[in-house]
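A note on names: the letters A, B, ... follow the listed sequences, proteins ahead of strands, and every chain is numbered from 1. Side chains included, hydrogens not; waters and symmetry mates left out as well; all remaining heavy atoms used.
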Protein chains: 2
Amino acid sequence: MDGGVIKRSPVTSSQVAEHAGVSQSAVSRTFTPGASISPKTRAKVLAAAKELGYRPNAIARSLITNRSRIIAVVMAYLENLFYPDVLEELGRRLAAENYHVLLFTGFKDRDSDPVFDQLMQYRVDGIILASTSLSSELSEECTVAGIPVVLFNRTTERNETSSVTTRNREGGRLLGQFLLAGGHRSFGYIAGLENSSTNRDRFTGFRSALAEAGIHDIVVRTGNYSRAEAETAAREIFALEERPEALFVANDHMAVAVMDVARYEFGLRIPEDLSIVGYDDVGPARWQSYGITSVTQPISAMVEATVDILMDQIESGEIEARHKIIPGELVVRSSARLPGTGIVEIDGRRIYRPEGGS
Amino acid sequence: MDGGVIKRSPVTSSQVAEHAGVSQSAVSRTFTPGASISPKTRAKVLAAAKELGYRPNAIARSLITNRSRIIAVVMAYLENLFYPDVLEELGRRLAAENYHVLLFTGFKDRDSDPVFDQLMQYRVDGIILASTSLSSELSEECTVAGIPVVLFNRTTERNETSSVTTRNREGGRLLGQFLLAGGHRSFGYIAGLENSSTNRDRFTGFRSALAEAGIHDIVVRTGNYSRAEAETAAREIFALEERPEALFVANDHMAVAVMDVARYEFGLRIPEDLSIVGYDDVGPARWQSYGITSVTQPISAMVEATVDILMDQIESGEIEARHKIIPGELVVRSSARLPGTGIVEIDGRRIYRPEGGS
DNA sequence: TCATTGGTTGCATACGTATGCAAAGTGGAA
DNA sequence: TTCCACTTTGCATACGTATGCAACCAATGA
């Protein structure tokens, strides 16, 4: 009711030092694990600090240690629940290592250069790129600057930047085999972002599986990993004279939309009239309304690998591109017709493992 | 292939100054909008900066300006898509003001005190609390420290902290009126977090609407805004001898789960056997599989208000608790039986506006 | 007792930038 | 030309912390 409070400047280590009757160094050492400080003065300092409400200034500390303990996470959009899940896990794992997340989100992909500029100004200790590619000049610049970068769920053509991915090629292949084993003979593919490595690899694997069975015609439309565009693509495919019996949608986020269009706009029964498979095994894929047969991308393992790479490179100061590839599994649910064999139950989930499979 | 690169220290303003043949001050002024600098030296500095790959060190700048241009966003969990949507919009809006997001997520609610400690060490310019409450000591501490705090979609008992919310009481009330107008006579409520203001207000409004119609019995179970718990709560309610005809689920995130349980575990038809209404108007509520009748929480307006409050308080240095309440609307879809009157169409959406409504 | 050792402490400085102040430069008017 | 007003520049310092170095202290052994 008194209409605002005048800003009081925060307590500094010198003030604590004076209050405790010691030097500023002693205060600093009190808050530096492993520093040389006697229990007695330490106690004095802690008491004074508590009394004054002192908190070390991480900004000032960064300036001198050259470590901000901040990791930049770049995630252009969060529409696909896969990414928020990743973000949550990243927050958890990085907090455990006493690092913090500076998040860059909500921008158009083509605006990533200014974003990059901002992020570099904060002298972050590492960068996780989860939904944007990086021009190779920028990647180069990071390497020269000694900032580790990890591409999450993405790779680049040249392999100069570290990455964590799953076996997208094998996953696509497995889905192809699964649909073939289910007896399907005509196929469609709703693609993700055209220039993304996940899209390319998943499709390549899928196509190769079909090719081995002598099938070369695949109806392809592009959904760009966007819900709205996936709906449009689905409408186009379902309106075709010869609608494919089986559809691989490049990720679950789009697959959910496609299922809705199939059921509610075209009256198709799934899987009787149409089999749909997806990728990611994200939340809604597991919901009973959808029950999407999908290849998992194990978020926990992927995030763990990402953080491991970053921590290693930050500690060693040596930046050598590492590429971690994590295996996924084909989880069988109800959105696609079942093959006669190859389904095993593990930990309450049904997994597809064909005999000749890798 | 050469096995790592030695970390090169970043370019400093002094190095640029030397290279350009000017003083360090000149470099600083070149990158400070509105500073006194001639076009000629400015050009020289920019050229040198570009050549050396110089970027101002935001950390060092913060130290002297006492402004980090960082806003802490605390969002314990992102499971409910509402929050990722908010996060994306926050990223966008704050980036436009040249602020950045330090995200705290992936922790248990009871661990919020250490989180708070971390966040204070970075001398953030403001704090947005989107899924955690703040003990009143901590709130007090922020005020004294001159750090603006905004509670997003939450209020506290005492109104000492700024907040942005929607008219939860009115929303709950409107949903009650809607269900009554639809002819229902028995009601259930699946609650959110017991101690959250949203849950309390929505239920209070709902109950008051029913009370005015002489209905005082409401079957209540608690879902704590969690999908899993909501499923359990739904199973309990649907197994009752006298299952309510209409169910208000405290948010859409839970409502989606409840609909799945109703349909696929109990074989209930919606809305023929059971009407369900939710809150938030979040993504899945709009999907055709669900089509949840729901009260909107307009994310864009809420985020705008939040950022406005923060910017005001940061600029003025005066922290006076402000409470912004944003109106929502009842969007009518297919998850609940329709009343005979009161539905109007606006911008392609069907909105419920009863005659006597506020 | 003194010398030695190992642990503590304070002093002084460095990190990279912003900014008040005074000096220097510029241009115009008389 | 001289004077004045205004702009531009550099110097010096400050921000809050960490840390090398030297001084100091306590405890131990001879």
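- Here D:dT17 is the nucleotide among D:dT17, C:dT9, D:dT8 with the atom lying nearest to any side-chain atom of A:S13.
- Listed nucleotides: D:dT8, D:dG10, D:dA18. Nearest to the side chain of A:R61: D:dA18.
- For C:dG16, the base has no donor-acceptor partner in the side chain of A:R123 [N/O atoms by modelled type, under 3.5 angstrom].
- Side-chain contact annotation: B:Y83 with B:T105, donor-acceptor N/O pair under 3.5 Å absent.
- Of the charged side-chain nitrogens involved, at least one lies within less than 4.0 Å of a carboxylate oxygen, so that B:R322 and B:D312 count as a salt-bridged pair.
- Spacing between atom CZ of A:R42 and atom P of C:dT9 amounts to 12 Å, rounded to whole angstrom units.
- Between B:A60 and B:R29, the one whose closest nucleotide on DNA chain C sits nearer the 5' end is B:A60.
- Within the 4.0 angstrom heavy-atom criterion, only backbone atoms of the sugar-phosphate kind lie near B:I37; the bases stay farther away.
- Between A:L102 and A:L119, every side-chain heavy-atom pair lies at or beyond the 4.5 Å cut-off.
- Across C:dT8, C:dT17, C:dA14, the shortest atom-to-atom separation from the side chain of A:S38 is found for C:dT8.
- Between B:S23 and the phosphate of D:dC11, there is no side-chain N or O to OP1/OP2 separation shorter than 4.0 Å.
- Between the C1' atom of D:dC11 and the CD atom of B:Q24 lies a distance of 11 Å, rounded to the nearest Å.
- You'll find that the side chain of B:L63 is closest to C:dG16, out of C:dG16, D:dT8, D:dC11.
- At the phosphate of C:dG16, neither OP1 nor OP2 sits under 4.0 Å from any side-chain N or O atom of A:Y122.
- Phosphate contact (OP1/OP2 of C:dT9, side-chain N/O of A:T41, threshold under 4.0 Å): present.
- Side-chain contact between B:L46 and B:F31 is present, with at least one heavy-atom pair separated by less than 4.5 Å.
- Atoms CZ (A:R67) and P (D:dT19) sit 11 Å apart, rounded to a whole Å.
- Looking at the side chain of B:N57, the nearest of the listed nucleotides D:dG16, C:dT17, C:dT8 is C:dT17.
- Atom CD1 in A:I59 sits about 21 Å away from atom P in D:dA14, given to the nearest Å.
- Between the base of C:dT19 and the side chain of B:S28 there is no donor-acceptor pair shorter than 3.5 Å.
- In this structure, of C:dT17, C:dA12, C:dT9, it is C:dA12 that holds the atom nearest to the side chain of A:S25.
- The nearest heavy atom of DNA chain D to A:R55 and to B:G21 marks one nucleotide each, and the one closer to the 5' end goes with B:G21.
- Atom CZ of B:R42 is separated from atom CD1 of B:I37 by 8.0 Å, given to the nearest 0.5 angstrom.
- Here C:dG10 is the nucleotide among C:dG10, D:dA18, C:dT17 with the atom lying nearest to any side-chain atom of A:A26.
- If you check every strand for non-hydrogen atoms under 4.0 Å, A:V27 touches nothing.
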